[in-house]
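Remarks on the structure that follows.
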Number of protein chains: 2
Amino acid sequence: MQKEEIADLQIRFGVHLRKIREDKGLSLREVADRCDLDNSNISKIENGQFNIQLSKIFELAKGLGVSAKDLLDF
Amino acid sequence: MQKEEIADLQIRFGVHLRKIREDKGLSLREVADRCDLDNSNISKIENGQFNIQLSKIFELAKGLGVSAKDLLDF
DNA sequence: TGATTTGCGGTAATATATTACCGCATTTAT
DNA sequence: ATAAATGCGGTAATATATTACCGCAAATCA
C-alpha cells in the first residue's frame, strides 16, 4: 500500500469517525474523556493525520458507543 | 486500555484472521504475496503478537478478499 | 461584553509497529 | 524416502504511533 493510499484511507476513516461523533452530539473533549485520550489527538485522527492501531479503533468504538466494525463501515 | 486488554484483543483478532484465511484455503505465503507482506509477519499477526495499524487491516482484507469490517467482526 | 466551549496545530519524549531477512521443525506431497 | 510447503521464532534497522502538554482563534453562551 502506497503512502498516498494510506493518507487517503486515514482521511476517509477520519471523516467517518467525525460523522459518528457528531451524530451522537458529542464534543472532542467529551469523547476524549470517555476514551481516556486527549482531545487534540482525536482531532488529528478525525483529520486523517494518524494511522491508528487496532486497539485504538476499539477504544474509540467504546467511547462512541458503537461497534468496532461500524467504525470501518465506510 | 490496559496492556493486558490489548494483548487479549490482538489474540482474538488473530484467531479470527486465521479462521478467515483457512476458510479460504490459503497459506501464509499466499496471503503474504497478495498483500505484499512477509509470511512471518502475518504469522505473528495471527498469533496476536502485533497491534496492527488501520492501513494494515485494509491490506489484509484486500488480500483475503473480504471487507475490512469483516475483519473486525468477532 | 465577558466567559466558556470547541476544534485544532505544534512539540518532544517515549513506545511501538514495520520490514525483510534467516533458518528450523513439522507436515504434506511425489 | 525425498522434496516441497508450511508455520513460526528470532533479529535489527527504520519508521511511525502514542501521549500529554501548551495555547490560540472562532464559535457559543450567559
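Below, chain A is the first sequence line, B the second, and so on; all start at residue 1.
If you check every strand for non-hydrogen atoms under 4.0 Å, A/Ser27 touches sugar and phosphate atoms only. Residue B/Asn47 is classed as a sugar-phosphate contact, given heavy-atom separations below 4.0 Å to backbone atoms only.
Atom CD1 of A/Ile6 and atom C1' of C/dT18 are 10 Å apart (whole Å). One interatomic measurement links the two molecules: CG of B/Asn41 to P of D/dA15, which rounds to 17 Å at whole-angstrom precision. When rounded to the nearest whole Å, the span between CD1 of B/Ile42 and P of D/dG7 equals 10 Å. As a whole-Å value, the separation of A/Lys56 NZ from C/dA17 P is 12 Å. Taking atom CZ on B/Phe58 and atom C1' on C/dA17, their separation rounds to 18 Å, with Å as the unit. Computed from coordinates, the B/Asp33 CG to D/dT6 P distance equals 10 Å when rounded to whole Å. We find that CG of B/Leu17 is positioned 12 Å from P of D/dC8, with the value rounded to whole Å. Counting to the nearest Å, the P atom of D/dT18 and the CG atom of A/Asp38 are 13 Å from each other.
Both B/Glu30 and A/Gln53 lie close to DNA chain D; mapped to their nearest nucleotides by heavy-atom distance, the more 5′-ward contact belongs to B/Glu30. Across the interface with DNA chain C, nearest-nucleotide mapping of A/Glu22 and B/Ile45 shows A/Glu22 to be the residue nearer the 5′ end. The nearest heavy atom of DNA chain C to B/Gln49 and to A/Arg29 marks one nucleotide each, and the one closer to the 5' end goes with A/Arg29.
Within the 4.0 Å cut-off from OP1 or OP2 of D/dT6, not a single side-chain nitrogen or oxygen of B/Arg18 is found.
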When you look at B/Lys24 and B/Val31, which way does the side chain to side chain contact (heavy atoms under 4.5 Å, CB included) test go after all the steps?
-> CA-CA 10 Å; B/Lys24 300 263 179 180; B/Val31 176; over 6 Å; no

Between A/Arg29 and A/Asp33, does a salt bridge (Lys or Arg N to Asp or Glu O under 4.0 Å) hold up when you go through it step by step?
-> CA-CA 6 Å; A/Arg29 281 176 172 81; A/Asp33 287 342; over 6 Å; no

Stepwise side chain to side chain contact (heavy atoms under 4.5 Å, CB included) test for B/Ile57 and A/Ile57 | CA-CA 11 Å; B/Ile57 294 174; A/Ile57 294 173; 3.7 Å; yes

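Looking at the side chain of B/Leu28, the nearest of the listed nucleotides C/dT18, D/dG7, D/dT19 is D/dG7. Comparing C/dG7, C/dT18, D/dA20 against the side chain of B/Ile52 picks out C/dT18 as the nearest. Taking the side chain of A/Asn39 as heavy atoms from C-beta on, and the options D/dG7, C/dG7, C/dT18, the nearest nucleotide is C/dG7.
Here the shortest heavy-atom pairing between B/Ile20 and B/Val66 reads CG2-CG1, 4.1 Å. Taking both residues in full, the closest heavy atoms of B/Phe13 and B/Ile52 are given as CE2-CD1, 3.6 Å, listed atom of the first, atom of the second, then distance.
Between the CG atom in A/Leu71 and the NZ atom in B/Lys69 there is a gap of 11.0 Å [rounded to 0.5 Å].
Shown here is B/Arg18, whose CZ atom has more than 12 heavy atoms of other residues, nucleotides or ligands within 6.0 Å.
In this model, no side-chain donor or acceptor of A/Ser40 finds a partner on the base of D/dC22 within 3.5 Å. In terms of polar N and O atoms assigned as donor or acceptor, the side chain of B/Lys44 comes within less than 3.5 Å of the base of D/dT11 in a complementary pairing.
Bending across the helix from C/dT1-D/dA30 to C/dT30-D/dA1, expressed as the angle between its end axes from five pairs apiece, amounts to 60° (10° rounding).
Test B/Arg21, B/Lys19, B/His16 against B/Glu46 for side chain to side chain donor-acceptor pair (under 3.5 Å) and you get one pass: B/Arg21.
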